[in-house]
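Quick caveat: nothing in here was measured; it's all calculated off a predicted structure. Lettering of chains follows the sequences in order, A, B, ..., and the numbering in each one begins at 1. Side chains are part of it too, since the values below use all heavy atoms of this structure and drop only hydrogens, waters and symmetry mates.
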There are 2 protein chains.
Amino acid sequence: MNPKIRAQFEARAKIIKAMAHPTRLFLVDHLAQNGPRCVCELTEMVGDDMSTVSRHLSVLKQAGIVEDERHGTEIHYSLRMKCVLNFFNCVEAVLERDVRERMKLAGCGR
Amino acid sequence: MNPKIRAQFEARAKIIKAMAHPTRLFLVDHLAQNGPRCVCELTEMVGDDMSTVSRHLSVLKQAGIVEDERHGTEIHYSLRMKCVLNFFNCVEAVLERDVRERMKLAGCGR
DNA sequence: CTTATATTTGTAAATTTAGCCAATTATGCA
DNA sequence: TGCATAATTGGCTAAATTTACAAATATAAG
């Protein structure tokens, strides 16, 4: 991998990495389902410290996946790139295929 | 996030995490473009130690994204879930949108 | 059986990431 | 101005990830 190619894949990985955490995945899903939401509400949903949730949101924002807008004292986050929801489809496909193949293997053992 | 929901998002995150590394992204891309390939060739393409590449491949395999098959002394890896290629489309969309918006912002400064 | 090649695994060091608490910043309101 | 609420940031520790080197394994060939 030459430096140019490497840089390209690093940029891509950075975006995927932003999605690669259960809490951040949950946040993306929740924003997709419910539209813009303040950090306070998201914090309540997640159940971690607000500072932790805020940091997760900032990772997503840095990656360009969500965006924020201030409303008075609250800051509302919303999904900027809806296409990330496509990730879920494929992820489910992988999980389901795993389940199926594991069942098949279990059957063979009899 | 109750434990059940959390477990669900952890399972999803594990798969996305497997993709969240420049080398692994490159490996997936390369397998998609060129079909099954041995570790030796992939190692040469990547340019890291073979043990490192082997570990990356095992992460992808564990996640169910690639699969392997032995051919004599070589082990050939291939893409098991082609849908992960959809990730690339969205990632490119994010990167392009970033570029566009940054150009627009730069223009405003004049 | 011994050797050579391909791959994986053990291990340890370096780096990154996650999470919490405390402190700071930003805003609206009395 | 001073207080209250919302959110971010600094600082720290714990945990996870990445990586290379060395050692072990697996297979084919002589």
Side-chain angles (χ1 to χ4, degrees), chain A residues 1 3 6-7 9-28 30-31 34 36-63 65-78 80, chain B residues 1 3 5-7 9-28 30-31 34 36-63 65-78:
Chain A
M1 257 203 294
R6 179 173 292 276
F9 279 95
E10 268 166 16
R12 290 170 177 170
K14 193 187 151 202
I15 292 168
I16 297 181
K17 205 177 289 192
M19 298 282 291
H21 187 285
T23 300
R24 295 198 289 269
L25 226 39
F26 175 87
L27 290 167
V28 166
H30 193 77
L31 291 176
N34 306 286
R37 282 292 178 274
C38 66
V39 182
C40 49
E41 183 182 321
L42 295 170
T43 296
E44 194 149 326
M45 300 296 302
V46 170
D48 287 346
D49 195 272
M50 182 182 273
S51 68
T52 300
V53 174
S54 172
R55 281 215 155 91
H56 281 309
L57 287 165
S58 106
V59 170
L60 288 169
K61 183 182 162 192
Q62 270 257 285
I65 295 169
V66 304
E67 56 196 351
D68 59 345
E69 194 177 343
R70 185 177 274 280
H71 285 256
T73 163
E74 295 181 349
I75 293 182
H76 292 207
Y77 279 86
S78 57
R80 180 170 172 254
Chain B
M1 257 204 294
I5 300 284
R6 179 173 293 275
F9 280 94
E10 268 165 16
R12 292 170 175 169
K14 193 187 151 201
I15 292 168
I16 297 181
K17 205 177 289 193
M19 297 281 292
H21 188 286
T23 299
R24 294 197 290 267
L25 226 39
F26 174 87
L27 289 168
V28 166
H30 193 76
L31 292 177
N34 305 286
R37 282 291 178 274
C38 66
V39 182
C40 50
E41 183 183 321
L42 295 169
T43 295
E44 194 150 327
M45 300 295 304
V46 169
D48 287 347
D49 195 273
M50 183 183 273
S51 70
T52 300
V53 174
S54 172
R55 281 218 153 87
H56 281 308
L57 287 166
S58 106
V59 170
L60 289 169
K61 182 183 162 191
Q62 269 257 286
I65 295 169
V66 303
E67 56 196 353
D68 60 345
E69 193 177 344
R70 184 177 276 279
H71 284 257
T73 163
E74 296 181 349
I75 292 181
H76 292 207
Y77 279 86
S78 57

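- Between A:Met1 atom CE and D:dT19 atom C1' there is a gap of 13 Å when expressed in whole angstrom units.
- A sub-4.0 Å separation between OP1 or OP2 of C:dT7 and a side-chain N or O of B:Ser54 is absent.
- Protein atom NE2 of B:His76 is 15 Å distant from nucleotide atom C1' of D:dA26, rounded to whole Å.
- Side-chain proximity of B:Arg55 to the nucleotides C:dC21, D:dA22, D:dT19 is greatest for D:dT19.
- Listed candidates were D:dT17, C:dA6, D:dA20. Nearest to the side chain of B:Lys17 is D:dT17.
- Straight-line distance from the CG atom of B:Asp49 to the C1' atom of C:dG10: 14 Å, rounded to whole Å.
- OP1 or OP2 of D:dA20 sits under 4.0 Å from a side-chain N or O of B:Thr52.
- Here the P atom of nucleotide D:dT8 and the CG atom of A:Leu60 are 12 Å apart, to the nearest Å.
- A close approach under 4.0 Å does occur between a side-chain nitrogen or oxygen of B:Arg24 and OP1 or OP2 of D:dT18.
- The distance from atom CZ of A:Phe26 to atom C1' of C:dA18 is 18 Å, rounded to the nearest whole Å.
- Side-chain atoms of A:Ser54 do not come within 3.5 Å of backbone N or O of A:Met50 as any donor-acceptor pair.
- For B:Tyr77, no side-chain nitrogen or oxygen approaches OP1 or OP2 of C:dA6 to under 4.0 Å.
- In this structure, CD1 of A:Ile75 is placed 8 Å from C1' of C:dA26, rounded to the nearest angstrom.
- Residue A:Arg70 is in sugar-phosphate contact alone, with no base atom involved, counting any heavy-atom pair closer than 4.0 Å across all strands shown.
- Here the side chain of A:Arg24 pairs a donor or acceptor atom with the backbone of A:Ala18 at under 3.5 angstrom.
- For the pair A:Asp48 CG and C:dG19 P, the interatomic distance rounds to 6 Å; values are reported in whole Å.
- Within the structure, a side-chain polar atom (N or O) of B:His21 is placed less than 4.0 Å from OP1 or OP2 of D:dT19.
- Ring geometry, A:Phe26 versus B:Phe9: the interplanar angle exceeds 60°, so the pair is classed perpendicular (tilted spans 30 to 60°).
- Checking C:dA22, D:dA6, D:dA20 against the side-chain heavy atoms of A:Cys40 singles out D:dA6 as nearest.
- Closest to the A:Val39 side chain, of the nucleotides D:dT19, D:dG11, D:dT8, is D:dT8.
- Rounding to the nearest 0.5 Å places CG of A:Leu60 at 11.5 Å from CD1 of A:Ile15.
- Considering only side-chain N and O atoms, B:His56 lies nowhere under 4.0 angstrom from the phosphate OP1 or OP2 of D:dT17.
- B:Arg37 contributes no side-chain N or O that, together with a main-chain N or O of B:Leu42, makes up a donor-acceptor pair within less than 3.5 Å.
- Taking atom CE on B:Met50 and atom P on D:dT19, their separation rounds to 16 Å, with Å as the unit.
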